[in-house]
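Quick notes on the structure that follows.
No hydrogens, no waters, no symmetry mates; every other heavy atom, side chains included, goes into these values.
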Amino acid sequence: MAERSTAAVDVADNSGDEPLAAKADEATSDGTAEAQDSTGTDPQDTENEPSGSETAVPTPDLHSGHKLAGRYRLEECVTRLDGFSSWRAVDEKLRRAVGVHLLPADHPRARSVLAAARSSALLGDPRFVQVLDAVEENDLVYVVHEWLPDATELTALLGAGPMDAHDAYQLVSQISQAMAAAHREGLAHLRLTPGAVLRSSSGQYRIRGLAVNAALRGITSAGPQRADTEAIGALLYAALTQRWPYESDAYGLTGLPKGVGLIAPDQVRAGVHRGLSEIAMRALANDGATASRQEQPCTTPDELAKAVAAMPRIRPPEPTFTAPPEYQRTTYQQGTYGRPAGPGAGVPQPVPAVPPAPLQSRTGKALKWAVSALLIAALGLGSWQLAETLLDRDNSSGDPGTTQTDPENGDKPKSRPAAPLRITNAAEFMPSGSGISQDEAPNAVDGKPGTSWITPRYLGFPNFGNYPNRKDGSGIVVDLGSVKDVSGIDVTMYRSGQKAEVLAAAENASAPSSLSDFPQRLTQLGTTGSSLKETLAEPVRTRYLLIHITELPQDDTGSGYRGGISEISVLG
C-alpha cells in the first residue's frame, strides 16, 4: 500500500494545464478552436473556467494518517491544487484502497462538487470509476471513489507509442458508448483527458472523474455534449498518431506544427487506418471535413458511437511467431561423427581386405535352409492361433451386426447440441402499465455485453422501493417470433445478488402481459450471481419467455438498490 500506483491517480492531476489563476481568457461556449488559439491548451481545459480573480481558498492542512468518518485513513497526497487536495487512502472497514478528494466546506465550489459526486454515484455504470461516498463533515467536504491499482492510465499507453487500429477502435468505441450513456442521464465529463481514461488488464476502458473533476475545477459548458465529443476525438487522434491535435504540447505528447491547422491523422503518420482517421476528424472541431469525404460532424457522443458502430469490423492483429532456426546438417562418416574432416577427406581411402563370409560350404547352406523352414512354420502356427483367438472374442461379444447408435436395437441416437435461438423482440415487463427503462430493453438482446437494461436506483426496500405499481417486479419479455422448443436459458445479469426466475408463456399465448400469462417455470425463484443459467431435462414449447426480477441488490453507495440485465440467450 505504500507504493504509489500511477494508474490509480485521480483525474485531479493537473498534467498539461496552466495554473488556474493564469487562465483569464474566456472561451466560446462550445469549446471550439477559438479557445485553443487563445490559450494553447485543450479547449475543454479552459472552457468557462473561473479567472484568476477568484478568491483563493487554502487547501486543508491534513497529513498522512488522518482518518475521515472513522474509516478512511489518508495515506499519500496525490494532488494539492486551488484549494482542494486528492489522496490515496485506505477504507479500514472494507480493507481496500480508495481515492479521496478533500476541500473546505466554505470553498466556493464545495456545493457543486457534492452535487456532482452524488449525481455520478446514482449512475452506477461499471464503465465509470464509481463514487463511493460524498460527505460534508467537520468543515470538510470529501468525495470517496474507487482506486484501481491494476489499471493502466492512457497517458502511459500513449507514451509507449501509437496504438494499432484494433486497439484504437476499442478505445473510441468503448469511451463513446459510455459517455453516450452518461449524457442520457444528464451527466457530462468536460475534462476527458488521457489522465481520465484507464485500461484494465482485460482490455476494458474505464472513465474516472465523471462530473466531479469539472466541478472541482469550476469548469462549465453551454455545449457539454459537443465538448465531450471533441475530447473523445482528441483521444482517438492521439492514439493513432501519438500527437496532441492542438498546437501546444500536453499530457506528454507533442502538439501539431504551428500555423498549419488540424491535419488528418493519416497525413501525420503513415499506415493510419483511414476510417478511424475520418472518425477522429468528424469528432474534432473542424466541421467534419476530411481530405476525401464531406461527412457530417459528430456533435454528441451518441452520434459518435453510432458512426463507430457503422464502420467495418477491425480485426485484431495476427499473433507473431518466431521462426525456428535453420536445420544444421552434421557430418557423419565411418569412424568420425561431428568432427571436422581431415586433410585427406576428399581422397579415396584403400579398402582393407575382408575375410570370406562364414557358412559358405555345403553343410552351411543346408543349415541355413533348415533354420528358415523352422521360422516359417513357427510364423504360420502363431498366425493361426491369433486368428482363432480373435474369432472367439467376436463370437462371445454377441451379434457383430449391432452398433452403439442403432435405433433398431434400442439405442438412442446422439443428441444434437443446444444452439441459441433467434430473438425477434425484447420488451420490458410492465404489469402495472408503467415502465422503468423501456428504451433500453433491446440492449439485453443485442449481443453486446457492454450494453444493458438497467433499473433506476430505488431507496428503502430491495423490492423496487416497495412501490405499489412494482408489486409484481419487472424484467424482460423476449419474443422468439414463433413457437419453438426451448431447451435452456443463459442470462447475464447486470449486477450480482438479484432475486430472479425465468418463466415461459403457454404454447398458444398471444401478447402476454401479466404474471398469470407465464404458467411454465423454467427456473426456481432465487438469488442469482453474475449469470442465470439452466438446461432443461425436457424442452418446453413456447414463444414468449419472461426473465422476472422481484428484488434488487444494494448499489455501490450502500443506501440504494439497483439491478438489470446485460444479455439474454435462449437455447433450443
Side-chain angles (χ1 to χ4, degrees), residues 94 117-134 144-146 178 181-182 184-187 210 426-446 448-478 489-503 513-515 518 521-534 545-569:
L94 298 180
R118 289 166 179 170
S119 299
S120 178
L122 291 176
L123 181 61
D125 193 318
R127 293 171 292 189
F128 294 89
V129 174
Q130 300 295 300
V131 172
L132 306 176
D133 212 347
V144 183
H145 60 86
E146 285 184 294
R184 284 195 291 269
E185 299 295 330
L187 294 173
L210 178 66
E428 188 175 302
F429 179 60
M430 301 181 295
S432 63
S434 61
I436 295 176
S437 305
Q438 303 176 49
D439 296 338
E440 295 182 3
N443 292 346
V445 296
D446 60 0
K448 300 176 181 178
T451 60
S452 305
W453 170 79
I454 307 171
T455 71
R457 182 169 177 263
Y458 291 90
L459 299 176
F461 298 91
N463 55 335
F464 295 85
N466 205 23
Y467 289 148
N469 61 342
R470 291 280 167 260
K471 64 180 180 179
D472 290 333
S474 186
I476 298 293
V477 178
V478 296
I489 189 79
D490 186 354
V491 182
T492 302
M493 309 302 289
Y494 172 72
R495 188 188 296 273
S496 300
Q498 303 181 71
K499 197 170 184 179
E501 62 183 344
V502 181
L503 307 174
S513 59
S514 64
L515 280 178
F518 295 90
R521 182 179 298 277
L522 274 63
T523 69
Q524 295 297 322
L525 179 64
T527 303
T528 67
S530 59
S531 63
L532 174 59
K533 298 181 180 180
E534 185 70 26
L545 289 96
L546 167 62
I547 292 80
H548 184 215
I549 300 176
T550 61
E551 292 186 9
L552 307 175
Q554 279 193 335
D555 60 7
D556 293 333
T557 65
S559 59
Y561 300 89
R562 169 172 286 185
I565 300 173
S566 296
E567 202 61 41
I568 301 172
S569 178

Separation of Tyr458 OH from Asn463 CG (nearest 0.5 Å): 10.5 Å
Close side-chain approach of His548 to Phe518, heavy-atom, < 4.5 Å: no
Atom of Thr528, atom of Met493 and distance for their closest heavy-atom approach: OG1-CG, 3.8 Å
Shortest non-hydrogen contact from Trp453 toward Ile549: CZ3-CD1, 4.0 Å
Distance in Å, Asp446 CG paired with Ile568 CD1, rounded so as to fall on 0.5 Å steps: 10.5 Å
Between CD on residue Glu534 and CG on residue Leu522, distance to nearest 0.5 Å: 8.0 Å
Phe464 vs Ser474 side-chain heavy atoms within contact, under 4.5 Å: yes
Smallest separation among heavy atoms of Arg495 and Gln498, with atom names: O-NE2, 2.9 Å
Nearest-0.5 Å distance that lies between atom CG in Leu210 and atom CD in Gln130: 9.5 Å
Separation between OG1 of Thr492 and NZ of Lys533, rounded to the nearest 0.5 Å: 7.5 Å
Minimum side-chain heavy-atom gap Lys499-Leu525 below 4.5 Å: yes
Presence of salt bridge, Asp125 and Arg127, under 4.0 angstrom: yes
Contact summary for Tyr561 and Gly460, nearest pair of heavy atoms: CE1-C, 4.0 Å
Main-chain N/O of Ser437 paired to Glu428 side chain as donor or acceptor, under 3.5 Å: yes
Heavy-atom closest contact (Ala134 atom, Ala117 atom, distance): CB-CB, 3.8 Å
Exam field: side chain Glu567 to backbone Ile565, donor-acceptor pair closer than 3.5 Å: no
Considering all heavy atoms, the nearest Ala178-Phe128 contact: O-CZ, 3.3 Å
Close side-chain approach of Leu515 to Leu503, heavy-atom, < 4.5 Å: yes
Distance (rounded to the nearest 0.5 Å) between Ile489 CD1 and Glu501 CD: 12.5 Å
